[in-house]
Protein chains: 2
Amino acid sequence: MCYPGSATMTEQCPHSDMTSCTLPSSEQVTRLIDQATELCDKRNLRFTRLRKQVLELVCKAEQPVGAYHLLDELRESGRSAAPPTVYRALDFLLEQGLVHRLATNNTYLACAHPQQPHAAVFLVCSQCGHTQEVHTGGVIDQLRRQAGQFDFAIEHASVELTGLCSRCRQLHEQ
Amino acid sequence: MCYPGSATMTEQCPHSDMTSCTLPSSEQVTRLIDQATELCDKRNLRFTRLRKQVLELVCKAEQPVGAYHLLDELRESGRSAAPPTVYRALDFLLEQGLVHRLATNNTYLACAHPQQPHAAVFLVCSQCGHTQEVHTGGVIDQLRRQAGQFDFAIEHASVELTGLCSRCRQLHEQ
DNA sequence: TTCGTTATGTTATAATATAACATTATTTTA
DNA sequence: TAAAATAATGTTATATTATAACATAACGAA
Ligand SMILES: [Zn+2]
Ligand SMILES: [Zn+2]
Ligand SMILES: [Zn+2]
Ligand SMILES: [Zn+2]
């Protein structure tokens with residue numbers, strides 16, 4: 001996940017150097033939470049304690065996390081929680097574009113650019129699990145055009161690329 | 001799913017007219033099975049009765065099917081079957097590129113062009129479930145380039161576009 | 001035929017997600 | 001403010017998807 005602020009939200013995410021984002025700093029998490037708070041406020045939605053807590057957990061995770069991992073963390077935090085607890089919170093966050101869900105491994109990660117709705121491409125490392133959200137408008141536009149040729153109107157694009165990340169490739173080549 | 005033979009395996013699948021493929025004809029199924037037989041033979045792999053039967057079921061389905069649906073059908077056919085029965089057969093077929101798995105809805109569909117390995121784009125109708133495999137080399141190439149900018153080596157691309165198919169859009173607009 | 005390998009059968013269980021209904025919290029309206 | 005309506009959460013049960021582990025059977029090579 002790449003965090004806003006440190007770079008423009010264009011093609012090149014700050015994530016191109018992997019080290020910089022393995023462990024999001026507490027400031028970055030705070031920033032995302034602040035953005036979410038503002039965004040929910042604007043939309044007249046309740047950013048409840050539970051929803052905030054789940055978003056925080058997702059943000060703090062250095063990698064996409066599973067729902068049941070979040071459930072464990074909620075319980076460890078002392079809160080009474082069951083699967084619907086976390087799934088409902090995740091559903092809310094997904095609807096608001098604050099998190100993304102990766103279909104290929106059933107995990108959730110914080111959106112790097114929750115400001116505007118967008119389709120994203122995810123680079124998922126099969127070795128270390130590190131996952132990077134990249135915004136390549138060109139790709140999505142091209143997909144939309146191609147789908148249009150088949151008279152198909154895209155509602156949601158799931159583009160998940162699995163492979164070796166830079167670091168793992170280097171380690172692997174040695 | 002679009003069937004080979006009726007058109008070249010390029011951008012435009014025969015699938016662009018949806019009606020032509022809702023119910024694959026028995027000839028088309030036979031053709032796919034024959035291709036699979038040949039392909040396994042070439043690779044010195046055993047295209048066992050179970051594997052053939054599962055591929056047939058996937059081919060005959062007019063839409064991508066779930067593993068447990070296949071399991072039911074296997075049982076209805078009189079065969080003793082449990083989840084591993086179908087998952088193992090599906091794993092084999094996936095490895096050989098004879099079927100694809102859709103991560104967004106946990107379903108399986110026969111590959112339209114099992115001859116050569118490929119990355120494909122899937123157009124999944126959220127209304128009727130109809131799913132079309134399209135081969136737009138351009139998209140995959142572009143994805144590969146974009147990923148390359150992040151020093152990322154793609155092993156597998158999952159590109160699944162959910163939306164309204166031509167027919168459903170027409171019905172919807174009225 | 002014998003042996004090693006591969007595939008399948010079988011039972012149990014893991015992992016992911018939702019249904020249904022009760023309770024609590026919040027907002028709206030009177 | 002009080003009552004009613006709405007939204008969120010708690011709670012229990014269950015559905016859905018997938019795999020682990022070990023036994024048996026089929027197959028292929030020697
Ligand atoms: Zn995003
Ligand atoms: Zn990696
Ligand atoms: Zn294919
Ligand atoms: Zn449709």
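The shortest distance between the side-chain N/O atoms of A:Thr48 and the OP1/OP2 oxygens of D:dT9 is below 4.0 Å.
Side-chain contact annotation: B:His135 with B:Glu133, donor-acceptor N/O pair under 3.5 Å present. Under 3.5 Å, the side chains of A:Gln146 and B:Thr136 contain no donor-acceptor pair of N or O atoms.
In terms of position on DNA chain C, the residue among B:Leu45 and B:Ala81 whose nearest nucleotide sits closer to the 5' end is B:Leu45.
If you measure from atom CZ of A:Arg49 to atom P of C:dT24, you get 16 Å, rounded to the nearest angstrom. Protein atom CG of A:Leu50 is 14 Å distant from nucleotide atom C1' of D:dT11, rounded to whole Å. Distance B:Asn44 CG to C:dT5 C1': 14 Å, rounded to the nearest Å.
Shown for residues 99-106 of chain A: residues whose heavy atoms fall under 4.0 angstrom of DNA chain C, namely A:Arg101, A:Asn106.
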5' to 3', nucleotides 23-30 of chain D under a 4.0 Å protein heavy-atom cut-off (B base, S sugar-phosphate only, - none) gives ----S---

Nucleotide-resolved protein contact map, nucleotides 18-23 of chain C, B/S/- at heavy-atom distance under 4.0 Å
BBB---

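For residues 26-82 of chain B, no pair satisfies ring pair (Phe, Tyr, Trp, His ring centres under 6.0 Å), with sequence neighbours left out.
Counting any heavy atom pair closer than 4.0 Å across all strands shown, A:Arg79 reaches sugar-phosphate atoms only and no base atom. Note on B:Tyr108: only backbone sugar-phosphate atoms sit closer than 4.0 angstrom, heavy atoms only; bases stay farther off.
Each end of the helix from C:dT1-D:dA30 to C:dA30-D:dT1 yields a helix axis from five base pairs, and these two axes differ in direction by 30° (to the nearest 10 degrees).
Between A:Thr131 and A:Thr107, the closest side-chain pair of non-hydrogen atoms is not below 4.5 Å.
Every residue meeting the side chain to side chain contact (heavy atoms under 4.5 Å, CB included) condition with B:Thr30, not counting sequence neighbours, appears here in chain and number order: B:Asp34.
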